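This report refers to the structure that appears directly beneath it.
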Protein chains: 2
Amino acid sequence: MWWAGSAAPMIAPDRGRPLNAADTRQRILMTAMELFWEKGYLSTSVADILSRSQVHSGSLYHFFPGKQDVLVGVLELYRDGIDEMLLAPNWEGVDDPIDKIFALLAGYRTHLIVTDCTYGCPIGSLALEIHEPDPVVRDLMAANFTGWSTAIAGCFNAAADRLPKGADRKALGEFVLTVMEGAVMQARTYRDIGYFDRNIAVLRDYITTLMATAKDDSFA
Amino acid sequence: MWWAGSAAPMIAPDRGRPLNAADTRQRILMTAMELFWEKGYLSTSVADILSRSQVHSGSLYHFFPGKQDVLVGVLELYRDGIDEMLLAPNWEGVDDPIDKIFALLAGYRTHLIVTDCTYGCPIGSLALEIHEPDPVVRDLMAANFTGWSTAIAGCFNAAADRLPKGADRKALGEFVLTVMEGAVMQARTYRDIGYFDRNIAVLRDYITTLMATAKDDSFA
DNA sequence: AGATGAGTTGATTGAACATTCAACCAAGCG
DNA sequence: CGCTTGGTTGAATGTTCAATCAACTCATCT
């Protein structure tokens, strides 16, 4: 407006307290992680992040060139934290590699239960939500998928002696990711955990059959 | 603005030609279907729909109370058109029920190929994109999933004699949907059809194994 | 002929949006 | 002490968005 110049800064009550360095950056990323998970990337406004994290817009734009760069930060956090944040908590006290696979899936089941089947895999949601992703974003989503399915493939490798000789264990890791994502998608859409459970049951049947086949092979 | 009243209608060049009734409604829905598929629901603006369909905002809001009602119309179109639009084209000349399953999956593969692995299942994308869907929208997405997996379950039913006696064929239908959605999600994220193919190969292995098991059973 | 109402027009509205910026602050250093 | 540097503040900006509406047209019915 033409009168904008007259609305000069007035009191400046308690500005500028750079308390502790990259604390703000971390708070922004944690808040954004929460919000992207709850509402998705597109439905989360910068104002949402600002109000929940108690950070002011200038501070956010001091650390991140734009909203997408916040997303990049969140995806890096997921990628770098897969072991401590996802695998370790679900694999506590679980030794058998095949049990580990289903323990991880049980973790997703728990998340569905406590959120009344409303939330899902944050990476999967982002992957389908953003239709024309920036290459940086797309690569990070792919890296997250790779981290996940590689971990499962590692379980299959650790149980290689119980699987058929020619089994493509990398493909099996990708398959478990596929089933998890599809099962979560259906449970979420129907708001019914039964869809998740039945899908996992079929997967379990397949892996059981696979191991039974391997046993037969060893006799042949 | 205060001067708005003075900007009165001037010439009214060629207004009001209600050419052919619900033609406009159909054009809106078809355009919206395209756009939601290409860019998703949230990233498609009403203005996008208007400009591509050559319809004016007033006309759109004459037929639909709001943007979400356009989505409802599109989802109804998908639900009601699953046979003619999806199944029939993919099952032309395919008789064997198990072949039908993989013919349908091959259809999704073709779509991925011709779009350079950028597009995916329109329902799956919507399901993960809209985090807090209106019950009407959610029910319609669920109905679309049910239509899909029921069709596959029908294939398994038609091939029931080749499957193990106790096989849960409804659950198998849901499982095939799960694998399709997960496989499309990965192919799209990696921009690599290999992720789709490997997932379908594993699914084929499972179903083959299932049928082999059934054959063994009959000897027992 | 006159009235009716389904359908059309596009400028307009107000909210929400991502982003900017001039002013400001405090710690550390020379 | 003065100056730089990294951080903070929040009002302002310009755009985009879904939605509105008074004015208008024309086929159909009475």
Side-chain angles (χ1 to χ4, degrees), chain A residues 1-28 31-32 35-36 39-73 130 134, chain B residues 1-29 31-32 35-36 39-73 130 134 137:
Chain A
M1 316 292 171
W2 54 267
W3 65 83
S6 61
M10 300 198 173
I11 330 172
D14 57 338
R15 292 161 143 206
R17 269 177 288 154
L19 282 179
N20 29 1
D23 214 49
T24 306
R25 201 191 132 91
Q26 203 65 10
R27 195 152 76 256
I28 292 167
T31 309
L35 283 165
F36 293 164
K39 327 178 38 172
Y41 173 69
L42 293 170
S43 301
T44 298
S45 70
V46 175
D48 288 336
I49 302 173
L50 297 177
S51 70
R52 189 181 287 191
S53 64
Q54 299 278 44
V55 164
H56 299 271
S57 62
S59 293
L60 187 146
Y61 283 97
H62 174 73
F63 290 107
F64 303 96
K67 187 188 176 189
Q68 182 182 284
D69 302 271
V70 178
L71 173 62
V72 167
I130 303 168
D134 193 278
Chain B
M1 315 293 171
W2 54 266
W3 65 84
S6 60
M10 300 197 174
I11 330 172
D14 57 338
R15 292 163 143 209
R17 271 175 286 154
L19 282 179
N20 28 359
D23 214 48
T24 305
R25 202 191 131 92
Q26 203 66 11
R27 195 153 76 257
I28 292 167
L29 284 177
T31 308
L35 283 164
F36 293 164
K39 329 178 37 170
Y41 173 68
L42 294 170
S43 301
T44 298
S45 69
V46 174
D48 288 336
I49 301 173
L50 296 177
S51 69
R52 188 181 286 191
S53 64
Q54 299 278 45
V55 164
H56 299 271
S57 62
S59 293
L60 187 146
Y61 284 98
H62 174 73
F63 290 106
F64 302 95
K67 188 189 176 188
Q68 182 182 282
D69 302 272
V70 177
L71 173 62
V72 166
I130 303 169
D134 193 277
V137 171

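Below, read A as the first sequence line, B as the second, and so on, with proteins coming before strands; counting in each chain starts at 1. As a basis for the values below, the full set of heavy atoms in this structure was taken, side chains included, without hydrogen atoms, waters or symmetry mates. In this text the structure is predicted, and so the values were computed from the model without any measurement.
Relative to the side chain of A:His56, the nucleotides D:dT8, D:dT20, D:dG10 differ in distance, and D:dG10 lies closest. Candidate nucleotides D:dG7, C:dG10, C:dA6 were compared by shortest atom distance to the side chain of A:His62, and D:dG7 ranks first. Between C:dT9, D:dT9, C:dT19, one nucleotide has an atom nearer to the side chain of A:Ser59 than all others, and that is D:dT9.
OP1 or OP2 of D:dA19 lies within a sub-4.0 Å distance of a side-chain N or O belonging to B:Tyr61.
Using a 4.0 Å heavy-atom distance criterion, A:Ser45 is classed as a sugar-phosphate-only contact. If you check every strand for non-hydrogen atoms under 4.0 Å, B:Ser43 touches nothing.
Each of A:Gly58 and A:Ala47 was assigned the nucleotide of DNA chain C with the nearest heavy atom; the assignment lying further toward the 5' end belongs to A:Ala47.
When the C1' atom of D:dG7 is taken as reference, atom CZ of A:Arg25 falls 14 Å away, rounded to whole Å.
Once rounded to the nearest 0.5 Å, the distance linking CG of A:Leu42 with CD1 of A:Ile130 reads 6.0 Å.
A donor-acceptor pair is defined here as one N or O able to donate and one able to accept, closer than 3.5 Å; no such pair exists between the side chain of A:Arg52 and the backbone of A:Thr31. Within the 3.5 Å criterion, the main-chain N or O of B:Tyr41 finds a donor-acceptor partner in the side chain of B:Lys67.
A donor-acceptor contact under 3.5 Å is not formed by the side chain of A:Ser57 with the base of D:dA12.
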